[in-house]
Amino acid sequence: MLRSHTCGELRLSHVGQRVALCGWVDTYRDHSGVLFVDLRDRYGKTQVVFAPESGPETLQAAKSLRSEFVVRVHGKVAPRPEGTVNAKLGTGEIEVRAERLEILNKSLNPPFQPTGKELPGEDLRLKYRYVDLRRPEMQRTFILRHRMIKLMRDYFDALGFLEVETPMLGRSTPEGARDYLVPSRVQPGTFYALPQSPQLYKQILMVAGYDRYLQVARCFRDEDLRADRQPEFTQLDLEMSFITADDIIGIIDGLVAGLARQILGLEVPVPLPRMTYDEAMERFGHDAPDLRFGMELIDVTDLAAQAEFRVFRGTVAEGGRVRGVNAKGAADRYSRKGIDELTQYIVEGFGAKGLAWFKVEADGRLASPIAKNFSADLLAKIAARMDAAPGDLLLLVADRFEVTCKALYALRKRFGAELRLYDPAVMNFSWVVEFPMFAYDPDQHGWTAMHHPFTAPRPQDRELLRSEPGKCRAQAYDLVINGSEAGGGTIRIHQQELQQEVFGLLGIDAATAQERFGFLLDALQYGAPPHGGIALGIDRMVMLFAGLDSIRDCIAFPKTQRATDLMTGAPGAVDSKQMRELGIICQNPRNRP
RNA sequence: GGGGGCGUAGCUCAAUUGGUUAGAGUACCGGACUGUCGAUCCGGUGGUUGCGGGUUCGAUUCCCGUCGCCCUCGCCA
């Protein structure tokens, strides 16, 4: 070892010891006769003093030090002189009097200071990721990430789970997200696909009798990126046999409570609250509601039907809904122009036809350009239904149910942030359960799986599969943290006949099913136990637990929104030789042989 | 694929209605300084205003195109 201690370790109790420290030059303060260097590693900072007693050679060498040089210092731990203690540093009561200095490596002047007060643009941070990752905030995040994953592994290990690795090179299944493809050299013209999740493998492991499976699994989906979405991400993937949905939920409750206690010091009461999908859509307009604040959606369809207002009546007559939110005390926060902006936001972003609004005046009456279309009695009823108080801003959307959900969910989310309706330090955990089995796809005139095609319906909904698939509910459950989907799982179909039936509903004929999922259908006929599981998005959970706004800040080497790596330049062109070996001809001129 | 924001010194930003030599802080370089810790003081280097085109007597500013980064809709079984 080149060092005897780390830069965050030394205390008054070490005074008098000869030590060797290694680290990066954080800052240096040259007073000509005496020179201070703050030496940094991921454990902390220690002040090293170069003085005449260090010897002329060492002092001279110290003057050549610059930002981010990597050095090794031998010296003696000394208490700091009175009045020079630095309370901001863990090591602030001592300093190391340098006796020898070795420059292990020089550094170019870094493009930005890892401990500077100004955070540079994200593209620069990504290009020089090794400098960015030196920042204490980043190091704290990755220590947190490590601890969370360790706690997860320990928790499931104690419950008897086995960690089993599944292949990265699998076969493409056109359902779901777009696959990342890997050409096969040995089988020219064929492709592997990187896993979107280990879904089928873990079900096979259940058939194989590994009744408690776990994996920290890398997953790949070739879809557009977002602040909380990366093309490759990590799931805590697990599966169990001989269990019910309640068992899975209960085990994850225990995990979440443990993480909250040990990572955040929060006591989270379990069982976590559960809400059905239908309730979530009614009350919040979304299947991952943010329960850190109220402002629930309020239905006024019955009242709207009585108004003279043609937009409302027409919508109701066509089977639509009129719903809204009450932005408490926000009447003054949003001018006419501000409301126009909100209107544009939901019209252009979510296909709403418009936004009706009322400001609640001091006498409790509703003021609005459209108020003349409502009787006083009706306005009073709307005010009462929406719990209106002077100074409130009532916003209403009249449209198809789905559109009111999207638009009002977006408005509620905006108000939550803009009006600071929640404490950023608060963490809220809940479950959304009983998702529909299927969603209707008007483009393809057929049903698509809401979760995935291996999801089991609720036993009591078995008959609905034939009669009314749209009303059939799944044994599915999503973990929601602060309005973010943190994970989801289902009880799987373990009987071949039922699986065939569901494939049939999804428009996957027997031959196609056999071609793509034959191995699973086969396996289901060789003693498949009842089973189910869940996958938690580790990156997202770390992001939420660390209070970060971007998933990129908790992934060591993330991709940009255009799915490139600014440090390595990936993806890049390849040799024509490589292409020939793979039997691939590229249409893009960047890669013509 | 659509909508929006941003792009000026190594970095973070400013620059009046389109008008003089594009500024500041910081970093960097040189000098001074024996107790600093975001050291201080003095001096200095540093610019294809992302790129290309257009309008104009004159463009960082206006217009068009393009590239990059970010947010978002679609997409994400």
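Heavy-atom basis, side chains included; hydrogens, waters and symmetry copies ignored.
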Encode nucleotides 67-76 of chain B as B, S and - characters from 5' to 3', where the letter depends on protein heavy atoms closer than 4.0 Å: B to the base, S only to sugar-phosphate, - to neither. -SSBBBBBBB
In whole angstroms, how far is the P atom of B:rG35 from the CZ atom of A:Arg80? 15 Å
Phosphate-side-chain proximity, A:Arg29 and B:rA39, N/O vs OP1/OP2 below 4.0 Å: yes
Which label fits A:Tyr128 and A:Tyr130: parallel for a plane angle under 30°, tilted from 30 to 60°, or perpendicular past 60°? perpendicular
Are A:Glu501 and A:Arg462 ion-paired here, with the side-chain N under 4.0 Å from a carboxylate O? yes
For the pair A:Trp431 and A:Tyr477, name the ring-plane relationship: parallel under 30°, tilted 30 to 60°, perpendicular over 60°. perpendicular
Scan A:Tyr28 against the nucleic acid and name what it touches under 4.0 Å (heavy atoms): base, sugar-phosphate only, or nothing. sugar-phosphate
Do the side-chain N or O atoms of A:Ser67 get closer than 4.0 angstrom to the phosphate oxygens (OP1, OP2) of B:rC28? yes
Between A:Leu89 and A:Phe112, which residue's closest nucleotide on RNA chain B lies nearer the 5′ terminus? A:Phe112
Do A:Asn86 and B:rC37 have a side chain to base donor-acceptor pair shorter than 3.5 Å? yes
Describe the nucleic acid contact of A:Asp222 in one word from base, sugar-phosphate, nothing, applying a heavy-atom distance below 4.0 Å. nothing
Please tell me if A:Ser32 has a side-chain N or O lying less than 4.0 Å from either OP1 or OP2 of B:rA32. no
Lys/Arg N to Asp/Glu carboxylate O, A:Asp38 vs A:Arg29, below 4.0 Å: yes
Separation of the P atoms in B:rA14 and B:rG35, to the nearest angstrom: 40 Å
Could you tell me how far B:rU17 sits from B:rG58 if I compare only their C1' atoms? Round to whole Å. 14 Å
OP1 or OP2 of B:rC29 under 4.0 Å from side-chain N/O of A:Arg66: yes
When only distance counts, do a donor and an acceptor, one from the side chain of A:Gln47 and one from the base of B:rU36, lie under 3.5 Å apart? yes
Does the side chain of A:Gln113 reach to within under 4.5 Å of the side chain of A:Val131, using non-hydrogen atoms? no
Please measure how far the C1' atom in B:rG50 lies from the corresponding atom in B:rG5, and state the result in whole Å. 16 Å
Identified salt bridge (charged side-chain N to carboxylate O under 4.0 Å, His left out) partner of A:Glu434 from the options A:Lys471, A:Arg458, A:Arg473: A:Arg458
Ring centres within less than 5.5 Å and planes less than 30° apart: is that true of A:Phe36 and B:rU36 in this structure? yes
Just checking A:Glu95: base, sugar-phosphate only, or nothing, at a heavy-atom cut-off of under 4.0 Å? base
Can you check the distance between B:rG44 and B:rU60, where both ends of the measurement are the P atom (answer in whole Å)? 27 Å
Inter-nucleotide C1' distance (B:rU55, B:rC69), Å rounded: 29 Å
Measure from CG on A:Leu124 to C1' on B:rG50 and round the result to the nearest Å. 14 Å
Which is true for A:Leu119 with a 4.0 Å heavy-atom rule: it touches a base, it touches only sugar-phosphate, or it touches nothing? sugar-phosphate
A:Lys63 NZ to B:rU36 C1', in whole Å, measures 13 Å
For a quick check of understanding: with a heavy-atom distance under 4.0 Å over all strands, which category does A:Lys45 fall into, base, sugar-phosphate or nothing? nothing
From the options A:Glu239, A:His531, A:Gln499, A:Gln475, select the one residue that forms a side-chain hydrogen bond (donor to acceptor under 3.5 Å, both in side chains) with A:Arg492. A:Glu239
Considering only the P atoms, how many Å lie between B:rU61 and B:rC70, rounded to the nearest integer? 25 Å
Using the P atoms only, state how far B:rG47 lies from B:rA22, rounded to an integer number of Å. 12 Å
Tell me whether the NZ or CZ atom of A:Arg414 lies within the 45° cone about the ring axis of A:Tyr345 and under 6.0 Å from its centre. yes
Can you establish whether the number of heavy atoms outside A:Phe401 located under 6.0 Å from its atom CZ is more than 12? yes
Which value, in whole Å, describes the distance between the P atoms of nucleotides B:rU40 and B:rG46? 24 Å
Using a 4.0 Å heavy-atom cut-off across all strands, classify A:Pro52 as base, sugar-phosphate, or nothing. base
A:His31 on top of B:rA39's base, within under 5.5 Å and under 30°? yes
Which residue lies more 5' along RNA chain B, comparing A:Glu53 with A:Gln113 via nearest heavy atoms: A:Gln113
